[in-house]
Amino acid sequence: MDAQPKPKVLLCVAGGIAAYKSVVLLRELLERGCVCKVAMTRSAHAFVGAATFSGLTGQAPLTEFSDHPGEVHVELAQWADAIVVAPATANLLSRAAMGAADNVVLATLLCNQSPVLFAPAMHESMWNHPATQHNVGLLTERGARWVGPEHGALASGEQGMGRMSEPINIANALDALVVKRRDLHGVRIIVTAGPTYEDIDPVRFIGNRSSGKTGYALASCARARGATVTLISGPVWLSPPSHVSLVEVRSAKDMHDAVAAHMPHADVLIMAAAVADYRPHVVSPHKLHKDEQERTLTLMPTEDILANAGQKLAANSPLLVGFSLETDNVVGAAKRKLLRKKLDLVVANRAQEALENDSTQVTLIDHDGEQTLPSMPKAQAADAILDAVAKHWRRRQTASDRPTLLALDGAQ
């Protein structure tokens with residue numbers, strides 16, 4: 001983190017016994033070359049004094065709106081390259097997930113467009129409570145990153161999951177986050193997300209259970225890492241990430257046409273959408289009414305967006321990225337796809353784990369082997385996928401032979 005310009009980090013401290021570790025974290029960040037400011041909740045002052053932070057940074061931590069002229073929360077959000085919240089208590093996570101803004105920390109988080117790293121600290125029962133896990137899921141969908149909590153001694157004297165990660169581990173996680181933040185700077189990325197709907201009549205359609213969460217996480221993470229992102233989305237109930245160009249589509253043909261229109265201007269195409277394999281041969285212009293007779297529906301294949309993109313591969317064609325989603329023999333099916341479609345990378349996952357969940361487990365497969373990642377939030381999985389994209393992009397930029405082709409063909 002010692003490269004110029006120095007990363008600007010806002011350390012947010014909430015009111016928990018682990019707040020004393022935030023002082024050690026601040027010193028670690030300063031020693032790594034970060035420019036730091038501190039914001040504290042009112043309750044944090046009961047655990048660590050403002051003078052301690054002032055002594056390290058040379059300026060008083062920010063707590064009250066009234067102590068500072070102007071809109072301090074807006075200025076902090078615009079100033080910071082990254083925000084780390086340590087400790088992140090159950091109360092703070094709950095209120096951040098709700099969009100509360102009645103203190104400087106929460107208001108700054110609500111204004112922020114930079115990466116946010118939460119370091120949770122609480123009793124194990126609070127961390128495992130469905131309400132806390134729901135809040136973690138909401139914040140993750142919005143792009144939050146996490147370090148910890150860890151298993152160890154808690155403030156109650158018990159052993160359990162809920163201990164805040166050690167300051168050096170938090171600093172390492174933030175280091176990686178800041179370093180990666182611009183590794184896709186200037187790369188033009190198309191992300192497809194969500195399901196497609198293939199109409200049967202004006203009322204009914206053929207669809208699938210894709211939530212679009214992984215595609216939206218990929219778009220958000222790619223934008224945070226400096227890419228220019230176009231998100232081509234099927235029907236979902238998600239808000240698009242900020243500063244991303246959204247193209248809404250309904251059917252496989254709509255998505256095919258949208259991808260074809262944007263591909264000439266793209267460096268990377270991430271096919272995370274669950275594109276329907278079939279559509280009705282005939283779409284009824286009127287609602288089909290129920291009767292006592294069986295009804296036969298004739299289906300025909302939809303456009304194969306990935307195959308069509310691969311067939312048109314040229315020297316300046318984009319990298320292609322996506323998922324191989326299966327219910328059985330996940331890795332074997334992905335390996336066959338790797339060979340059949342002459343791809344360089346397949347990311348495989350299991351439908352039972354990926355669909356309609358906030359977490360997923362993926363296996364990265366290429367001609368050199370395979371790597372199975374542990375189950376993780378989809379935003380974290382998106383970052384892991386983008387690590388592979390960045391690696392292939394760098395390789396492509398230095399190679400003079402045929403461009404790398406990555407494929408992900410499935411739904412999540």
Carefully, step by step, assess D81 and S114 under the rule side-chain contact (heavy atoms from CB on, under 4.5 Å). CA-CA 6 Å; D81 293 321; S114 301; 5.6 Å; no
Please step through side-chain contact (heavy atoms from CB on, under 4.5 Å) for the pair R145 and D383, ending with a clear verdict. CA-CA 10 Å; R145 316 298 204 280; D383 249 348; 3.0 Å; yes
Can L117 and I83 be said to form a side-chain contact (heavy atoms from CB on, under 4.5 Å), step by step? CA-CA 6 Å; L117 179 68; I83 296 176; over 6 Å; no
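Looking only at side-chain heavy atoms (C-beta outward), T41 and L92 come within less than 4.5 Å of each other. Contact of the V247 side chain with the L231 side chain is not registered, since no non-hydrogen atoms from C-beta on lie closer than 4.5 Å. The shortest distance between side-chain heavy atoms of T192 and M255 falls below 4.5 Å. Taking the side chain as every heavy atom from C-beta outward, V9 and V35 never approach each other to under 4.5 Å. Contact annotation: the side chain of F118 never approaches that of V136 to less than 4.5 Å [non-hydrogen atoms, C-beta and beyond]. Within the 4.5 Å cutoff, no side-chain heavy atoms of V105 are placed close to those of M40.
A donor atom on one side chain and an acceptor atom on the other are not found under 3.5 Å apart for E198 and S251. When only modelled atom types and interatomic distance are considered, Y216 and S239 share no side-chain donor-acceptor pair under 3.5 Å.
More than 12 heavy atoms of other residues, nucleotides or ligands sit less than 6.0 Å from atom CD of E31.
A salt bridge does not link K287 to D201: none of the charged side-chain nitrogens sits closer than 4.0 Å to a carboxylate oxygen. A salt bridge is defined here as a Lys NZ or Arg NE, NH1 or NH2 lying under 4.0 Å from an Asp or Glu carboxylate O, and D183 with K391 fails to meet this definition. Salt bridge status for D199 with R279: absent, with no side-chain N to carboxylate O gap under 4.0 Å.
Figure legend: R204 and Y197 shown without cation-pi pairing, the cationic atom not lying both under 6.0 angstrom from the six-membered ring centre and within 45 degrees of its axis.
The side chain to side chain contact (heavy atoms under 4.5 Å, CB included) test with R163 is passed by exactly one of M122, H123, K21: K21.
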